[in-house]
Amino acid sequence: GKTLRTNRLTVTVTNDNSGGGTTSTNILPDAFYEPVIRASDRDYILKPGENAADKINKNIFIKVDVDKRTCFVGEPVVVVYKLYTRLKSESSIVKNPSFNGFSVIDLLPPGNTYYSIEKLNGREYNVYTLRKSQLYPLQNGTIELESAEVENHVQFIKEDYLIQQQNNLGELFRDFNQTNIPAQGLHDEKVTLRSNPIFINVKALPVENKPAAYNGAVGHFTIESSLDKTSFTTDDAGKLRVVISGEGNMTMINAPDVAWPGGVESYDP
């Protein structure tokens, strides 16, 4: 018997089109940032005199995948930003690409916490998807997909600390995962990773044989129609069903205009 009401929210709209700016977002809980452990893997063990920056460059990076680099105006392009790592790290997104020049549909929910293990150049990585979006170019020309930036706090185990211990390797790895190694046994590094920019060549739509009623739908589509019945009496009602399916920028497709024969009254779809 009660009426429930939500709380009120205020949205401030500005002219800033930076697409996220420098807002810091922790990608995943720290518990998920464990390296892929193999007996032969010692990428997060730092030897005396070894350069930590070199190890970081080889073992953690951002990779951008696009399903096409040439398309027409309005043709969808799927882009995926992924973080590959073999190190113990805490990571935060400090810059999201703005995708200027595109209409954007994000394909992953905010706060996605899933990861997978992928093999790249014969090495296994923990892979976190930072962003996956479907882009619709709004104009022709060469359009840049801006870089994503991720700030990483990376921890290494010092090898000389391991040598001092009498534990076996299995116990040491387990201790590391549980963050039980004292500060003197760890080496911390802070690094900001940037993905390489990607350029999309967007071609203008052809004007030859362009239909007068064309409104910008680009893709591969099929259309079919059916009636719920094919025999009517005067003042009888029936339904015409028109189905358009396929892949492309479906949002640009409207209900088609039907040239109804004389004596037929129609209603809005």
Side-chain angles (χ1 to χ4, degrees), residues 19-66 69 79-99 108 112-133 144-163 169 172-173 175-177 179 181-200:
T22 58
T23 301
S24 178
T25 305
N26 205 329
I27 303 170
L28 290 174
D30 179 49
F32 285 95
Y33 282 81
E34 303 300 343
V36 180
I37 297 175
R38 302 289 185 273
S40 58
D41 291 344
R42 300 175 68 86
D43 296 310
Y44 47 89
I45 296 176
L46 192 65
K47 298 179 181 179
E50 197 170 26
N51 190 301
D54 289 342
K55 299 202 74 167
I56 289 173
N57 289 336
K58 294 176 182 177
N59 293 289
I60 183 170
F61 53 88
I62 303 173
K63 187 171 178 286
V64 186
D65 294 321
V66 291
R69 295 187 183 232
V79 59
V80 185
Y81 290 77
K82 294 180 178 180
L83 175 70
Y84 286 70
T85 180
R86 291 166 60 89
L87 302 175
K88 167 79 172 179
S89 66
E90 296 178 24
S91 303
S92 299
I93 301 174
V94 294
K95 181 184 178 184
N96 255 314
S98 61
F99 298 139
L108 281 181
N112 169 57
T113 59
Y114 298 104
Y115 76 99
S116 61
I117 296 177
E118 293 184 19
K119 182 172 285 189
L120 186 65
N121 298 325
R123 309 178 77 211
E124 286 188 332
Y125 294 84
N126 281 15
V127 179
Y128 301 88
T129 300
L130 308 176
R131 190 171 184 184
K132 182 177 182 180
S133 302
E144 178 184 352
L145 303 183
E146 294 180 348
S147 301
E149 294 185 12
V150 177
E151 191 175 82
N152 300 272
H153 176 211
V154 182
Q155 280 190 332
F156 291 97
I157 310 176
K158 296 178 182 178
E159 188 184 55
D160 50 6
Y161 169 82
L162 296 180
I163 295 174
L169 284 178
L172 287 172
F173 283 137
D175 285 345
F176 178 50
N177 291 342
T179 64
I181 294 179
Q184 62 268 25
L186 299 172
H187 176 85
D188 292 343
E189 288 281 339
K190 196 171 186 178
V191 61
T192 298
L193 300 177
R194 295 174 181 85
S195 63
N196 294 324
I198 300 291
F199 295 90
I200 305 295

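What's counted below: heavy atoms across the whole structure, side chains too, no hydrogens, waters or symmetry copies.
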Problem - Side-chain donor-acceptor pair present, Glu149, Thr192, cut-off under 3.5 Å - result: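 No, because no side-chain N or O of Glu149 sits under 3.5 Å from a partner of the opposite role on Thr192.
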
For the pair [X] (side chain) and [Y] (backbone), establish whether a donor and an acceptor sit closer than 3.5 Å, ignoring hydrogens and angles.
| X | Y | result |
| --- | --- | --- |
| Ser147 | Ser195 | yes |
| Asn152 | Val154 | no |
| Arg86 | Arg123 | no |

Exercise for the section: Report, as yes or no, whether the 6.0 Å neighbourhood of atom NZ on Lys132 holds more than 12 heavy atoms from other residues, nucleotides or ligands. Expected result: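 No, the 6.0 Å shell around NZ holds no more than 12 heavy atoms from other groups.
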
Which pair of non-hydrogen atoms, one from [X] and one from [Y], has the smallest distance, and what is that distance?
| X | Y | answer |
| --- | --- | --- |
| Val94 | Glu151 | CG1-CB, 3.9 Å |
| Leu145 | Tyr81 | CB-OH, 3.8 Å |
| Ile117 | Asn126 | CG1-OD1, 3.9 Å |
| Val150 | Ser91 | CG1-CB, 3.7 Å |
| Ile60 | Leu87 | CG2-CD1, 4.0 Å |
| Asn196 | Val64 | O-CG2, 4.2 Å |

At what distance, to the nearest 0.5 angstrom, does [atom1] of [X] lie from [atom2] of [Y]?
| X | Y | atom1 | atom2 | value |
| --- | --- | --- | --- | --- |
| Glu144 | Ile200 | CD | CD1 | 10.5 Å |
| Lys190 | Gln155 | NZ | CD | 13.0 Å |
| Asn51 | Leu46 | CG | CG | 8.5 Å |
| Arg194 | Lys95 | CZ | NZ | 8.5 Å |
| Phe156 | Ser89 | CZ | OG | 9.5 Å |
| Leu130 | Ile93 | CG | CD1 | 5.0 Å |

Exercise for the section: Indicate the ring-plane relationship of Tyr84 and Phe61, choosing parallel, tilted or perpendicular according to the 30° and 60° boundaries. Expected result: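 Parallel.
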
Practice task
Walk me through it: do Glu118 and Leu120 pass the test side chain to side chain contact (heavy atoms under 4.5 Å, CB included)?
Solution key: CA-CA 6 Å; Glu118 293 184 19; Leu120 186 65; over 6 Å; no

Exercise for the section: Start with the C-alpha gap between Arg131 and Phe99, add the side-chain angles, then the distance that decides, and say whether side chain to side chain contact (heavy atoms under 4.5 Å, CB included) holds. Expected result: CA-CA 12 Å; Arg131 190 171 184 184; Phe99 298 139; 3.4 Å; yes

Problem - Ionic contact status for Glu189 with Lys55, cut-off 4.0 Å - result: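 So Lys55 does not pair with Glu189 through a salt bridge.
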
